[in-house]
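Here is the structure we will look at, set down as structure tokens.
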Number of protein chains: 2
Amino acid sequence: MEEGTSEFPRHRTGTEAVGPAPCVDDYAYDARQWDTREDCEVRQILDRIADKWSLLVIALLDCQGLRFTELRREVDGISQRMLTKTLRQLERDGLVSRTVHPTVPPRVDYALTPLGSTLHATIQALVTWTERHQSEIATARAAYDAREAVGSAGAAAPALEAATTPVDHRA
Amino acid sequence: MEEGTSEFPRHRTGTEAVGPAPCVDDYAYDARQWDTREDCEVRQILDRIADKWSLLVIALLDCQGLRFTELRREVDGISQRMLTKTLRQLERDGLVSRTVHPTVPPRVDYALTPLGSTLHATIQALVTWTERHQSEIATARAAYDAREAVGSAGAAAPALEAATTPVDHRA
DNA sequence: CAGAATCCTTGGAGATACTG
DNA sequence: CAGTATCTCCAAGGATTCTG
């Protein structure tokens with residue numbers, strides 16, 4: 001369990017010095033060199049919270065509890081199965097708490113734990129970033145697609161065809 | 001379907017306050033009600049950058065460029081196919097730049113664009129969070145699994161078998 | 001209402017071979 | 001080296017049904 005806590009794994013083979021000096025950062029030395037191995041626990045956790053549903057649930061779930069159905073309504077597009085599964089995982093990771101009220105119509109409240117709240121802040125930053133830069137991304141996409149179209153006009157260079165049909169609506 | 005408590009959030013174009021407006025704030029102010037609909041562009045982008053490979057690539061890619069092979073080595077476990085695809089997407093979104101050096105052995109450098117750098121900071125925060133809290137998560141998981149084992153021993157309470165272990169469809 | 005169990009489809013993703 | 005093009009496979013995930 002203590003494989004990559006604060007160590008610099010440095011598993012990049014130094015056969016070729018492409019630029020040993022890291023970024024311009026001199027304060028944060030491990031700015032980029034965390035443990036990237038698949039079996040690393042950080043990777044494992046990251047792969048889990050980097051899940052679209054987990055991310056959305058945490059982003060939407062705030063300190064006050066939400067019921068199952070409320071969550072399902074909030075997280076648009078999620079199926080009951082995925083919501084349950086996602087919530088179970090998050091509960092297991094200690095990020096959300098599950099409170100069952102033994103009423104006649106069952107009522108279950110989900111809320112962020114203190115640990116989950118700290119993650120919520122970080123994820124919220126990601127959401128905010130997206131909101132802020134969505135126009136830039138849209139512009140970049142349009143430019144890319146335009147270039148793409150021109151390039152494929154002269155020579156057949158197919159790659160990433162999602163050009164003029166961005167909306168991928170699956171029935 | 002009450003529309004008083006939970007109605008569909010509207011498009012909030014980037015004029016909102018980016019500052020921390022936690023849940024303890026007033027209710028009418030939808031600090032956490034960004035557009036959650038699937039067809040929303042924010043969701044679209046979020047679903048993309050919340051991809052495990054995209055996240056890793058951006059996290060590892062820093063301001064200096066990395067070659068294709070270097071990236072493949074860094075992002076442990078990624079296949080060539082996925083790396084190419086991920087890079088194309090990120091390039092299309094204007095997050096990474098692709099520089100081809102027309103040398104005899106082809107050399108392609110990938111680097112973060114200014115826009116990508118801003119995202120890198122946010123994602124790095126996520127990585128840092130994970131590094132910091134991995135032990136807490138591990139503890140929570142152990143506790144959950146312990147409870148789980150006890151619960152399923154006494155009464156029928158099946159749910160989420162240890163996710164780290166492969167599928168266990170008990171007949 | 002909250003969830004468990006089941007069935008079934010899609011596409012994500014690895015492996016391999018080929019090219020410039 | 002840096003891709004592209006295929007083939008294949010498996011599991012993520014949706015839809016449906018059935019309970020307490």
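Letters A, B, ... are given to chains in the order of the sequence lines, protein chains preceding strands, and every chain is numbered from 1.
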Has B/Arg48 got a side-chain atom pairing as donor or acceptor with B/Arg43's backbone, closer than 3.5 angstrom?
no
Taking the side chain from A/Thr130 and the backbone from A/Leu126, do they hold a donor-acceptor pair closer than 3.5 Å?
yes
Check against side-chain contact (heavy atoms from CB on, under 4.5 Å), A/Trp34 and A/Leu46
CA-CA 12 Å; A/Trp34 46 285; A/Leu46 218 49; 3.8 Å; yes
Expressed in angstrom and rounded to an integer, what is the separation of [X] atom [atom1] from [N] atom [atom2]?
{"X": "B/Leu83", "N": "D/dC1", "atom1": "CG", "atom2": "P", "answer": "14 Å"}
{"X": "B/Arg72", "N": "D/dT4", "atom1": "CZ", "atom2": "C1'", "answer": "13 Å"}
{"X": "B/Asp47", "N": "D/dG13", "atom1": "CG", "atom2": "C1'", "answer": "14 Å"}
{"X": "B/Arg48", "N": "C/dG11", "atom1": "CZ", "atom2": "C1'", "answer": "14 Å"}
{"X": "A/Met82", "N": "C/dT6", "atom1": "CE", "atom2": "C1'", "answer": "14 Å"}
{"X": "B/Asp51", "N": "D/dG13", "atom1": "CG", "atom2": "P", "answer": "11 Å"}
{"X": "A/Arg88", "N": "D/dG13", "atom1": "CZ", "atom2": "C1'", "answer": "17 Å"}
{"X": "B/His101", "N": "D/dG3", "atom1": "NE2", "atom2": "P", "answer": "12 Å"}

Given DNA chain C, 5'-ward residue of the pair A/Glu38 and A/Val108, judged by closest heavy atom
A/Val108
Do A/Leu66 and A/Leu61 have side chains that get closer than 4.5 Å, going by heavy atoms?
yes
Are any of the side-chain heavy atoms of B/Pro106 and B/Val100 separated by less than 4.5 Å?
no
Do the side-chain N or O atoms of B/Lys52 get closer than 4.0 angstrom to the phosphate oxygens (OP1, OP2) of C/dG12?
no
Does B/Tyr110 make a side-chain N or O approach to OP1 or OP2 of D/dC1 shorter than 4.0 Å?
no
For each nucleotide in nucleotides 15-20 of chain C, reading 5' to 3', give B when a protein heavy atom comes within less than 4.0 Å of its base, S when such contact involves only the sugar-phosphate, and - otherwise.
B----B
From CA spacing to verdict: side-chain contact (heavy atoms from CB on, under 4.5 Å), B/Leu87, B/Arg98
CA-CA 9 Å; B/Leu87 286 170; B/Arg98 178 170 177 268; over 6 Å; no
Options [options], nucleotide nearest the side-chain atoms of [X]:
{"X": "B/Arg67", "options": "D/dC1, D/dG13, C/dA13", "result": "D/dC1"}
{"X": "A/Thr84", "options": "C/dA4, D/dA12, C/dG12", "result": "C/dA4"}
{"X": "B/Arg107", "options": "C/dG3, C/dG14, D/dA2", "result": "D/dA2"}

Under 3.5 Å, is there a donor-acceptor pair linking the side chains of A/Gln80 and A/Thr84?
yes
